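What follows is a set of notes on a single structure, which appears directly below.
Note that this is a predicted model, so its numbers are computed, not measured.
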Amino acid sequence: MLKKINVRDARLEMFVHELCGNWIDHPFWKKAFLLGDPKDLKVLQECGIQEIWIDTDKGLDVELVVAPENDAKKSAAVPQDAAVSEKKVERRVSLQEETQRAQQLQTKAKKAVAAVFNDARLGNAVQVGETIALVDEITQSVSRNSGALLKLARLKSKDDTLYLHSVAVSALMIALGKQMGMQGDILRSLGVAGLLHDVGKVMIPAELLNKPGKLSEDEFKIIRTHPLRGWEMLKKHPDVDEVALDVCLHHHERMDGTGYPERLSGEAITQYARMAAVCDAYDDLTSDSAYKKGMEPAAAIRKMAEQQGVHFDPVIFQAFVKTVGIYPVGTLVKLKSGRLAVVTDQSEKSLLTPIVKVFFSTKSNEPIFPELVDISKAPDSIASVENPATWKLDLKAMAGI
């Protein structure tokens with residue numbers, strides 16, 4: 001809902017739909033944007049504009065605060081800057097607790113990304129403000145539990161693979177950025193870059209993207225045009241920042257120079273593009289598609305580890321392993337007790353001691369009552385990573401996804 005408010009009532013996480021006044025009278029070059037930076041809030045309240053329109057469907061509404069009469073003096077003594085709403089710090093929750101919220105976010109995100117991609121394909125303005133609002137929600141979900149959104153994004157049909165892959169890469173970029181100590185605007189830019197990195201694929205024929213058989217060399221050449229096509233679409237829009245443009249163009253470059261489209265190598269590839277290369281490859285390897293069965297997460301980590309320094313930056317890859325775990329969510333493991341279990345969450349203590357759901361005894365060769373076990377607190381430990389096909393198990397059902 002659109003609502004006109006006094007500028008003194010503006011606060012962080014509001015979505016500014018329109019600034020009241022002539023564009024020359026204010027310092028903002030964007031008509032609509034999410035008010036996410038405290039510096040922007042300060043500028044907005046000091047630039048001379050008296051009123052703004054906000055969209056409460058895309059951001060926060062006006063905050064109504066009624067102070068008790070005996071607290072009036074205490075409230076008056078609070079500095080104005082301290083009264084500005086701070087971003088909510090999300091507490092970590094269990095995978096099960098976050099999954100329901102992640103499901104709702106996934107549905108919303110898929111529609112939003114589809115709309116953005118369609119706008120780009122038609123040459124319409126890319127609504128960066130909307131992608132930023134979406135990225136903020138993804139960031140909150142990642143902060144609560146990064147595994148929930150990522151496990152859901154692995155379940156893609158051929159009709160939504162492109163969109164959910166973009167959501168997954170966005171979440172992985174945010175989680176990896178946090179692991180590497182990034183925060184604030186750059187973390188948001190990484191999330192937007194993840195959402196937009198494959199936008200060029202809307203210009204590739206669907207029958208080629210979804211071809212079940214092996215691509216011919218000519219077909220593969222067409223596929224490899226998507227980074228450049230995406231970059232050409234995005235560069236027309238001034239709201240799209242340099243991080244998103246760079247990631248879109250260079251997420252298929254490789255450390256040894258064998259990537260595309262420019263065959264860059266080593267330090268010639270920016271840190272952000274090197275991060276995107278890892279996140280993009282991991283989600284692609286672990287996801288089912290028209291032409292392949294997705295690998296199990298732990299197997300994908302092992303395969304990518306072999307390409308450290310060749311395809312992937314070793315430092316970034318090691319940070320990525322810390323992000324998703326040595327035993328990522330969804331990995332089938334056998335414990336030293338002889339029980340089979342599926343990893344459902346990561347432990348805060350060690351990458352080697354995740355939280356698992358035990359459900360089968362290899363000694364009696366029969367199912368057992370499912371039980372959550374925190375390996376960091378149990379006398380048991382992981383003996384090996386198992387192939388679900390060997391045991392003929394529906395691992396996704398066992399993991400609760």
Side-chain angles (χ1 to χ4, degrees), residues 113-114 117-118 120-123 153-154 156-166 168-169 172-173 193-236 244-270 272-296 299-314 316-317 320:
V113 173
F117 278 29
N118 191 53
R121 181 178 62 83
L122 296 174
R154 290 180 60 204
K156 306 177 180 74
S157 69
K158 69 176 183 178
D159 295 325
D160 58 22
T161 296
L162 177 58
Y163 309 129
L164 291 186
H165 171 66
S166 299
V169 173
L172 286 167
M173 290 282 278
L195 285 179
L196 299 178
H197 81 286
D198 260 352
V199 67
K201 284 187 175 178
V202 298
M203 305 304 291
I204 306 297
E207 59 270 20
L208 199 55
L209 289 175
N210 298 320
K211 182 180 176 179
K214 185 178 180 180
L215 294 173
S216 68
E217 183 58 32
D218 287 340
E219 289 172 332
F220 191 51
K221 285 181 180 178
I222 295 173
I223 293 288
R224 285 186 295 188
T225 65
H226 79 270
L228 182 58
R229 289 189 178 196
W231 178 79
E232 289 174 341
M233 283 190 287
L234 294 180
K235 73 175 182 178
K236 298 175 183 177
L245 287 170
D246 173 46
V247 165
C248 180
L249 184 60
H250 296 131
H251 64 277
H252 281 292
E253 300 289 357
R254 296 295 180 255
M255 295 296 287
D256 62 354
T258 59
Y260 60 90
E262 297 180 336
R263 298 183 69 85
L264 300 179
S265 63
E267 294 300 317
I269 309 169
T270 67
Y272 307 132
R274 280 178 272 149
M275 293 170 66
V278 173
C279 296
D280 176 70
Y282 176 79
D283 187 67
D284 182 61
L285 286 172
T286 56
S287 300
D288 293 343
S289 68
Y291 53 88
K292 68 171 179 65
K293 175 74 174 174
M295 298 176 68
E296 295 307 314
I301 290 294
R302 289 198 302 272
K303 181 178 179 65
M304 292 175 69
E306 296 172 359
Q307 298 298 322
Q308 292 184 81
V310 181
H311 286 177
F312 308 115
D313 182 310
I316 288 175
F317 179 73
F320 183 79

Taking every non-hydrogen atom, the tightest pair across Ala276 and Val247
CB-CG1, 3.6 Å
Of the non-hydrogen atoms in Leu196 and Cys248, which two are nearest, and what is the gap between them?
O-SG, 4.2 Å
With rounding to the nearest 0.5 Å, note down the distance linking CD1 in Ile316 to CE in Met255.
7.5 Å
Do Asp218 and Ser216 have a side chain donor and acceptor closer than 3.5 Å?
no
CG of Leu228 to OH of Tyr260: how many Å apart, nearest 0.5 Å?
12.0 Å
Charged N-O contact under 4.0 Å between Glu267 and Arg274:
yes
Side chains of Thr225 and Ile204 in contact at under 4.5 Å (non-hydrogen atoms)
yes
SB check Arg224 Glu217 (cutoff 4.0 Å):
yes
Measuring only between side-chain heavy atoms, which start at C-beta, is His250 closer than 4.5 Å to Thr270?
no
Verdict with supporting geometry, Leu172 and Val278, side-chain contact (heavy atoms from CB on, under 4.5 Å):
CA-CA 9 Å; Leu172 286 167; Val278 173; over 6 Å; no
With a 4.5 Å heavy-atom cut-off, do Arg254 and Gln307 have their side chains touching?
no
Here the gap from Thr286 atom OG1 to Lys303 atom NZ, rounded to the nearest 0.5 Å, amounts to 13.0 Å
Checking His165 against His197: is there a side-chain donor and acceptor pair closer than 3.5 Å?
yes
Answer whether the closest heavy-atom distance between the side chains of His251 and His226 falls below 4.5 Å.
yes
